[in-house]
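In what follows, a single structure is set out as structure tokens and then discussed.
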Amino acid sequence: MPWYLYLAFKQLFPSGRRVTFFTCASTIGVFLGVWMLIIIIGVMSGFGYKYSRMIIDTQGEIQVRGTFIDNQEQLRGIIAKVSGVAATTPSAEGIVMIEYQKRPNYPGIIGVDPESVEKVIPISKYLLQGSMDDLDDDAVILSAGLAYALGARIGSKVTVVSPLTLERLNQDTYMMPTELTVAGIYEFGHQQLDKSIAIVTLRRMQELYGLGDSVHGINVRLAPGADADQVARAINETLPAGSRMFARTWMQSGEAFLFALKIERFMVIIIVAFVIVVVAFLVTSMLLVAVARKTREIGLYGALGATPWQSAMCFCFQGVLVGTLGTFLGVTIGLLTLSNIDPIARLIARVTGNWDLLVEIYQFTKVPAHITAPDIAIICVFAVGMSTLAGLIAAFRAAKLKPVEAMRSE
Amino acid sequence: MSDSVLTARALRKTYRSGNRRLEVFSNVDFHIAAGESVSIRGESGSGKSTLLNLLAALDTADSGTLAWDGCAKTGNAARGRFVGIIFQAFYLIPELNALENILMARRITGRIDPAARARAAELLDRVGLKDRGHHLPSQLSGGERQRVAVARALMNSPRVILADEPTGNLDEKTADSVMDLLLGICAETKTALVLVTHNPLYAKRTAREYFLHEGTLRPVR
């Protein structure tokens, strides 16, 4: 090991003595900055990632929408031929009144094709109770919030009234409310989706809304590695001209929210990055104090045969070592914190009493966390780079000292 | 002169003071042979330490030449191997223990191998601090610190030891023991010694004696 690296180690961790104040203060400073960056980037990215997953898992990567799609079988055949498409499923959406034991609710309702839906929208993955196999024309799957609001359980028989009932009344006919059995209860982990949604078969939905064979849209799952924008463009090109149908990607569906998250993430990163810059100033000033305090010692290195560049490296490496150690601790403890962010956030929210507000704003019932290797790499390079720069400033000061003048200094 | 390990010719050194140049000394000739000991005395501010710094190539002269072992190359790395310097204020590195301080001289100029460790331990033993190797400078007395500094100066088996008032910070008894050690080791290892001192008794113990006065280096004996 070069002597300047050895001495840098020894000056940070002296033999037989406690770790120096400089080492502790600088390392803790870098650690706190990196720790905060990891958590903030992890949580902000987590919201974006979770929101993206949620859109994809509930709607597929591409949605083809039109007012009424009459020839859905034919259209699915056309879409399936587009390169990059793995599966398609039709769907229809609306609003109904559901009543159970005189408790009414007005949830959104989605009609899905039980045969193809799982290939595009993996509802089974989110089922808390029940099974997709039990979803038939006389069954309904409720979101956890809706089931809770109605007081319904698996096997409960709920009454469903659709807007078509009112329409029929206007035509002096009466449409009997539909009785459906609860076959499952799901939770996506998103407040809006879990609050008030019911899932029925497409056939039942078409009946409730009087759609005939029409559907409202076709959801598309892509093959791994396929580019959603490209495939959406290709689908739009194949759609019949003048059909008033269009394909849009999941990114376009959640564009506003994802953009808001992106801006918020960027702003917070900038603010926290400044914390690291402040820490770098702290490291610089401490190392400059060390250079001033060790001026005569720097002269000694020269007397023992060291070049000014080598003496400078000793202080530069102290910045590098402090940065590396602080970054390592920050990343390790940051990742540990991220893996337990939900219980920690709940604990804080319990103390401050604003968990419901948090869920209201961000929609997720669990605090999501997602951080990628490139994110971590950027944080590490930034933190170690700033500390190295701090060390370089002190090193430059040390390199300028002439041994004789240094040893004469008081 | 033929066996001179360190030769300086016509050295001149001035310092700038405002618009004026103050001459410390001029036309100084100096040489020392292997194993020889030479002392330089003089009043405070006469330029003794400046001359020593020039001999160690820590400072540059305005004019004149310096040669180590007949060679004019006097860079940093060469200094570490050719010259061992002892200072009045010891200048031990506070974060390193006694043994590590001695090894530091080798670390800067080369690699630490088992032979280097053995030599450092042997020197520590030679200066009478065999059991204090793992003590930090702050745990050593002034005399012990200067002994460590002597051992450090000898670590690379230099041709010349340059000692700048090595007993200046020590009491009389400790100073005597350090001088005995320094003169003894230099004689034993045939290392040349240039001793800057105020003490005429210590100066008398060297083979030759100089006096630096008003910029002129005069031989006393």
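Every chain is numbered from 1, with letters handed out A, B, ... down the list of sequences.
Residue B:I85 touches chain A through its side chain alone, counting heavy-atom pairs closer than 4.5 Å. Within the 4.5 angstrom heavy-atom criterion, only side-chain atoms of A:Y6, from C-beta onward, approach chain B. In this structure, the portion of B:N53 lying under 4.5 Å from any heavy atom of chain A is its side chain and not its backbone. For A:E297, the part sitting under 4.5 Å from any heavy atom of chain B is the side chain, from C-beta outward, and nothing else. Residue B:L136 touches chain A through its side chain alone, counting heavy-atom pairs closer than 4.5 Å.
With chain A as partner, the option from B:G84, B:S49, B:A89, B:P94 having the largest number of non-hydrogen pairs under 4.5 angstrom is B:P94. The candidate with the highest count of non-hydrogen atom pairs below 4.5 Å against chain B, out of A:P2, A:A303, A:P308, is A:A303.
Separating the CG atom in A:L7 from the CD1 atom in B:I108 is a distance of 7.5 Å, to the nearest 0.5 Å. To the nearest 0.5 angstrom, A:T307 atom OG1 is 10.5 Å from B:R79 atom CZ.
Residue B:R21 places its CZ atom among more than 12 non-hydrogen atoms of other residues, nucleotides or ligands, all under 6.0 Å distant. The 12-atom threshold is not exceeded at CH2 of A:W35, counting heavy atoms of other residues, nucleotides or ligands nearer than 6.0 Å. Annotation for B:Y15: atom OH counts as buried by contact number, over 12 foreign heavy atoms lying within 6.0 Å. Within 6.0 Å of CZ on A:F22 lie more than 12 heavy atoms contributed by other residues, nucleotides or ligands. Environment of NE2 in B:H134: sparse, with no more than 12 heavy atoms of neighbouring residues, nucleotides or ligands closer than 6.0 Å.
Although no hydrogens or angles enter the test, the distance criterion places no donor-acceptor pair under 3.5 Å between the side chain of B:R81 and the main chain of A:G305.
Between B:R107 and A:L304, the closest side-chain pair of non-hydrogen atoms is not below 4.5 Å.
Residues A:Y301 and B:I93 share a closest heavy-atom pair of CE2-CD1, 3.8 Å. When all heavy atoms are compared, the tightest approach of A:L300 to B:F87 is CD1-CE1, 3.8 Å.
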